[in-house]
Amino acid sequence: MAIPVSYNIRNMILRKRLTLMTALGIALTVTTTVFLMMLLAGMRKAFVSSGDPLNVLVLRKGSTSELTGGFTKDKMPILRQLPGIASDSHGQPMVSGEWVVVVVLPHKDGTGEVNVTLRGMEQDGLELRSKKAKLVEGNWFASGQREVVVSSSIHNRFSHTNVGDMIDFGKGAWKVTGIFDGGGSAYDSEIWTDINQVANQFNRQGAVGNAYLRATDSVAADSLKHRVADDQQLQIDGMLETEYYDKQTANGGGIRLMGFIVALTMAIGSIFAAANTMYAAVAYRSREIATLRVIGFRRGSIVTSFVFESVLLALLGAAIGIVLMLPFNGMSTSTSNQVTFSEVEFSMRITLQVVITAVVFAVAMGLIGGVAPAWGAARREILAALRD
C-alpha cells in the first residue's frame with residue numbers, strides 16, 4: 001500500500017522554513033544552469049537561423065570560413081552556368097560574389113573598440129537574403145558607391161550609424177544609407193556594402209572571398225554543393241549555408257564546459273542540502289515512520305514516499321529558479337566569434353529544451369539527495385523509533 005501524496009505535501013508545509021531554504025539552494029543551482037543554457041540557446045538561434053537551406057556557400061578548397069576564403073574571379077562565370085540555380089528578379093542566375101572583412105569600430109558608450117564584420121556583396125546578395133533581412137529605415141546601398149547599410153544592432157551600439165551619417169573605416173568615410181533588421185540572425189552583427197568597394201578599399205581586386213548560389217529547391221541545393229566540390233578544375237568547396245552556420249556554434253563549447261563545471265559544483269552542494277533536509281525530516285518524524293510501519297506500510301512504500309518528497313523539494317526549487325530567470329529572457333549580449341574574430345550579438349532564450357533540462361537536473365539532485373535518508377528511515381526498528 002502506497003503512502004498518500006498528501007502526507008508528503010502536509011509535511012513540507014509544516015516545515016515550511018526548512019523546505020523553503022532547501023528549495024532556494026536548489027533554485028540557485030538551477031538559475032546558474034538555466035543562465036548558461038540560455039546563452040547557448042541564444043547563440044544557436046543567432047547562427048542556425050542565419051542559414052537558408054537553399055543557399056549554397058562556395059569557398060576556396062580547404063578554407064573553413066568566409067574570412068579565410070578567396071578564389072579568382074574567372075571562376076564566377078562558370079558558377080553562374082551551373083544547373084539548378086534559381087533566377088533573380090531580372091531573370092539572371094541568383095549568384096553573389098562576396099568579400100567578408102573585419103573592421104574596428106568604437107562603442108557608442110565609449111567602452112572601447114571591437115571587431116565588426118563588413119560584408120561586401122553583389123545586388124543578388126540582398127535578394128537571396130530577403131527572407132532574413134528587412135530594411136527598416138532608409139535605402140539599400142547602391143552599386144559602385146561608398147555606401148553601407150547597418151543592422152539595427154550595429155545602429156544601437158556604435159556611433160555615427162544613423163541614416164545619412166558618415167562612418168569611418170578602411171581608407172576613408174562611408175555614407176550610411178539604411179538600417180536593416182536581421183531577425184535575430186548573425187546578420188544582426190554585420191555591415192553590408194558593395195563588393196567592388198570592399199575589394200578596392202582592402203586591395204583585393206581580381207578575386208572574391210566566397211560566393212553564394214541560390215538553388216531552386218533542396219534537391220538542387222544538395223546537387224550544387226556536390227557538383228562544386230567534385231569539380232577538380234575549380235578547386236573550390238561547396239556547403240549549404242545552414243551547415244556553415246551550424247559549425248560556427250562550436251565556439252559555444254567553452255561556455256558549455258564552464259557551465260558543466262559550475263553547475264556540477266553547485267549541484268553537489270544542493271544535493272547535500274536536500275539530503276540534510278531529508279535527514280532532518282527523518283529525525284523529526286521518527287515516531288510517524290514507526291507508526292506507518294505499525295499500520296502496515298512496507299519499507300518500500302516508506303522509501304518511495306521520502307524519495308518522492310525530496311523530488312517535490314527539487315521541483316519547487318526548479319520552479320523558483322526558472323521564474324527568477326524569466327526577466328533575462330530576450331536580454332541581448334555578445335560574444336566573440338572564433339571563426340570571424342568579430343563580435344556577434346544575440347539574445348538569451350528560455351526555450352522548452354532549457355526548461356526541460358533544468359527540471360531534469362533538479363529532479364536528479366532530489367533523487368540523489370533523498371535516497372540515503374529514505375533508506376535510513378525505512379530500516380529503523382519500530383520499537384526504537386517509537387521510544388525516540
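Keep in mind that the numbers below use all heavy atoms, side chains included, and drop hydrogens, waters and symmetry copies.
Atoms CD1 and CZ, from I195 and R204 in turn, are 11.0 Å apart once rounded to the nearest 0.5 Å. Expressed to the nearest 0.5 Å, how far OG1 of T31 lies from CG of L24 amounts to 10.0 Å. Atom OG of S223 is separated from atom CG of D230 by 9.5 Å, given to the nearest 0.5 angstrom. In this structure, L54 CG and T216 OG1 are separated by 8.0 Å, a value rounded to the nearest 0.5 Å. Atom CG of residue N55 and atom CD of residue E243 lie 12.5 Å apart, to the nearest 0.5 angstrom. To the nearest 0.5 angstrom, N329 atom CG is 12.0 Å from I322 atom CD1.
For an aromatic pair to be called close, the ring centres must be under 6.0 Å apart, and W174 with F169 satisfies this.
Both F308 and I13 belong to a common hydrophobic cluster when Ile, Leu, Val, Met, Phe, Trp and Tyr are linked at side-chain heavy-atom distances under 4.5 angstrom. I78 and V228 fall within a single hydrophobic cluster, where Ile, Leu, Val, Met, Phe, Trp and Tyr side chains are chained together by heavy-atom contacts under 4.5 Å. Under the 4.5 Å side-chain heavy-atom criterion for ILVMFWY residues, no single connected hydrophobic cluster contains both F361 and I320. Both L82 and V95 belong to a common hydrophobic cluster when Ile, Leu, Val, Met, Phe, Trp and Tyr are linked at side-chain heavy-atom distances under 4.5 angstrom. If you chain together hydrophobic residues whose side chains sit under 4.5 Å apart, L313 and L324 never meet in one group.
A salt bridge links E190 and R119; the closest N-O separation between the charged side-chain nitrogens and carboxylate oxygens is under 4.0 Å. No salt bridge links D194 with R146; every basic N to acidic carboxylate O contact stays at or beyond 4.0 Å. Taking the charged nitrogens against the carboxylate oxygens, K108 and E113 have no contact shorter than 4.0 Å, which rules out a salt bridge. Ion pair E122/R80 flagged as a salt bridge, since at least one NZ, NE, NH1 or NH2 atom sits closer than 4.0 Å to an Asp/Glu carboxylate oxygen.
Within the 4.5 Å cutoff, the side chain of S152 has heavy atoms near those of the V136 side chain. For the pair Y212/D52, no side-chain contact is recorded, criterion being any heavy-atom separation below 4.5 Å from C-beta on. At least one side-chain heavy atom of V100 sits under 4.5 Å from a side-chain heavy atom of N210. Counting heavy atoms from C-beta on, the side chains of I350 and L326 come closer than 4.5 Å. A heavy-atom distance below 4.5 Å is found between the side chains of K75 and T72. In this structure, the side chains of L79 and I85 stay at 4.5 Å or more apart for every pair of heavy atoms. The shortest distance between side-chain heavy atoms of L213 and M94 does not fall below 4.5 Å. H160 is not listed as a side-chain neighbour of D168, based on a closest heavy-atom distance of 4.5 Å or more.
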_Stepwise side-chain contact (heavy atoms from CB on, under 4.5 Å) test for Q197 and F141_ = CA-CA 11 Å; Q197 293 300 314; F141 62 85; over 6 Å; no
*What do the steps show when you test R214 against E127 for salt bridge (charged side-chain N to carboxylate O under 4.0 Å, His left out), and what is the final call?*
CA-CA 10 Å; R214 177 72 174 187; E127 193 166 336; over 6 Å; no
*Take L118 and T193, measure what side-chain contact (heavy atoms from CB on, under 4.5 Å) needs, and give me the verdict at the end.*
CA-CA 8 Å; L118 173 67; T193 188; 3.8 Å; yes
*Determine, stepwise, if the pair D237 / K61 fulfils salt bridge (charged side-chain N to carboxylate O under 4.0 Å, His left out).*
CA-CA 5 Å; D237 270 330; K61 184 87 63 183; 3.3 Å; yes
*Give the intermediate values and the outcome of side-chain contact (heavy atoms from CB on, under 4.5 Å) for residues Y244 and E66.*
CA-CA 9 Å; Y244 174 70; E66 294 177 287; 3.6 Å; yes
*Kindly determine whether Q123 and S143 satisfy side-chain contact (heavy atoms from CB on, under 4.5 Å), including the steps that lead there.*
CA-CA 7 Å; Q123 288 297 313; S143 297; 3.1 Å; yes
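In this structure a side-chain-to-backbone donor-acceptor pair under 3.5 Å is missing from N162 to D165. Listed for the D231 side chain is no donor-acceptor partner under 3.5 Å among the backbone atoms of R227. Proximity of a side-chain donor or acceptor of D188 to a complementary backbone N or O of G182 within less than 3.5 Å is detected.
I167 approaches V176 most closely through the heavy-atom pair CG2-CG2, 4.0 Å. The two residues W99 and V198 come nearest to each other via the heavy atoms CB-CG1, 3.8 Å. Closest approach of A362 and A314 over heavy atoms only: O-CB, 3.0 Å. Counting all heavy atoms, side chain and backbone alike, P93 lies closest to D124 at O-OD2, 3.2 Å. Closest of all the heavy-atom pairs between T177 and V163 is O-CG1, 3.8 Å. Here the shortest heavy-atom pairing between V30 and A358 reads CG1-CB, 4.0 Å.
For K131, the NZ atom sits in a loose shell: 12 or fewer heavy atoms of surrounding residues, nucleotides or ligands are nearer than 6.0 Å.
Side chain to side chain, S96 and E98 meet the donor-acceptor criterion of an N or O pair below 3.5 Å.
Aromatic ring orientation, W192 versus Y187: perpendicular (interplanar angle above 60°, classes split at 30° and 60°).
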